[in-house]
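Data first, discussion second: the structure below is written as structure tokens.
Please read all numbers here as calculations on a predicted model, not as lab measurements.
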Amino acid sequence: MNKKALAAGAIALAVAFTTSACSDSSGNEATTATATSAPTSAEANSARFDQDDVMFSRMMIPHHAQAIEMSDMLLAKDGIPEPVRALAEQIKAEQQPEIEQFEAWLEEWGMPMRGDDAPGMNGHMSGMPSVSGMPGMDDMPHMDGMMSEQDMQALSDAQGVDAARLYLEQMIAHHEGAIEMAQDEIEDGQYPDTVELARTIVDTQQKEIDTMRQLLTTL
């Protein structure tokens, strides 16, 4: 083999090695940059919530709990028209899982269940039998649709069709308050899943308000 052939082979080998090395270096740099710039899912989620998300979650827990209490009161009575009874069951089935979701978010964010924005809250709310009797809850009658102790007593005392009518009237006001809070969360909240649940609450509870108004015309 002559000297020219050897030189050409050496040059070709050097070029191939250099190209391969550059390609590997570029790929490694891209991988490193991607790994460095992409935060974990948990980090991304924890960075996206704000105080509005926390306040909304804290306020909706006792709000939903009172709606469940009102529904339980109604369902314990005789003489309640079946469409009103079915609506009360529906409200309970919707709102208990939402309470649990709000509690899970607060735990995930490292936030206590109680805050200055939720008077009277004193810890875990799921399954609590009574909201109206909790310390501090009388500080917020009719705020965001919350019923006062007197309102709850009136519902407890009412019977039959009168109870059904009062339940619908109270629950319409209660739902309207929830919609107002949810609309604030949609406007100001940051955590995507909480904002999405707020949208669901607005949609679901407005439909139930329409249903309740129609039911009132039949009683």
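Applying the salt bridge (charged side-chain N to carboxylate O under 4.0 Å, His left out) rule to pairs touching residues 80-98 yields Asp72-Lys92, sequence neighbours excluded. Within the structure, the salt bridge (charged side-chain N to carboxylate O under 4.0 Å, His left out) test picks out no pair touching residues 180-196 (sequence neighbours left out). Within the structure, salt bridge (charged side-chain N to carboxylate O under 4.0 Å, His left out) contacts touching residues 164-176 (residues at least two apart or in different chains) are Asp162-Arg165, Glu176-Arg213.
Between Gln190 and Asp53, some side-chain heavy-atom pair lies under the 4.5 Å cut-off. In this structure, the side chains of Glu208 and Met171 stay at 4.5 Å or more apart for every pair of heavy atoms. Side-chain contact check for Gln205 versus Gln95: some heavy-atom pair is nearer than 4.5 Å. Two residues are said to be in side-chain contact when any heavy atoms from C-beta on lie closer than 4.5 Å; Leu74 and Met70 fail this criterion.
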| task | Could you go through the side-chain contact (heavy atoms from CB on, under 4.5 Å) check for Trp105 and Leu197 one step at a time? | result | CA-CA 12 Å; Trp105 279 327; Leu197 180 53; 3.7 Å; yes

| field | Working for side chain to side chain donor-acceptor pair (under 3.5 Å), residues Gln153 and Glu149 | value | CA-CA 6 Å; Gln153 187 61 52; Glu149 186 174 354; over 6 Å; no

| Hey, mind stepping through Glu69 and Met147 against side-chain contact (heavy atoms from CB on, under 4.5 Å) and telling me if it holds? | CA-CA 11 Å; Glu69 183 183 358; Met147 296 296 110; over 6 Å; no

| task | With side-chain contact (heavy atoms from CB on, under 4.5 Å) as the test, would you mind laying out the steps for Thr194 and Phe49 before giving the verdict? | result | CA-CA 9 Å; Thr194 311; Phe49 79 90; over 6 Å; no

| request: Please test Ile68 against Ile91 for side-chain contact (heavy atoms from CB on, under 4.5 Å), starting from the C-alpha separation and ending with a verdict. | output: CA-CA 7 Å; Ile68 291 172; Ile91 288 171; 5.8 Å; no

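Using a 4.0 Å cut-off between a side-chain N of Lys or Arg and a carboxylate O of Asp or Glu, Asp203 and Lys207 qualify as a salt bridge.
Defined by atom type and a distance below 3.5 Å, a donor-acceptor pair is present between the side-chain atoms of Asp210 and Gln206.
Note that NE2 of His174 and CD1 of Ile209 are 11.5 Å apart. Values are rounded to the nearest 0.5 Å.
More than 12 non-hydrogen atoms from other residues, nucleotides or ligands lie less than 6.0 angstrom from CD of Gln90.
Closest of all the heavy-atom pairs between Phe102 and Met60 is CE1-CB, 3.5 Å.
Looking only at distances, a side-chain donor or acceptor of His63 sits under 3.5 Å from a matching main-chain atom of Asp144.
Here the two rings, on Tyr191 and Trp109, have centers that are under 6.0 Å apart.
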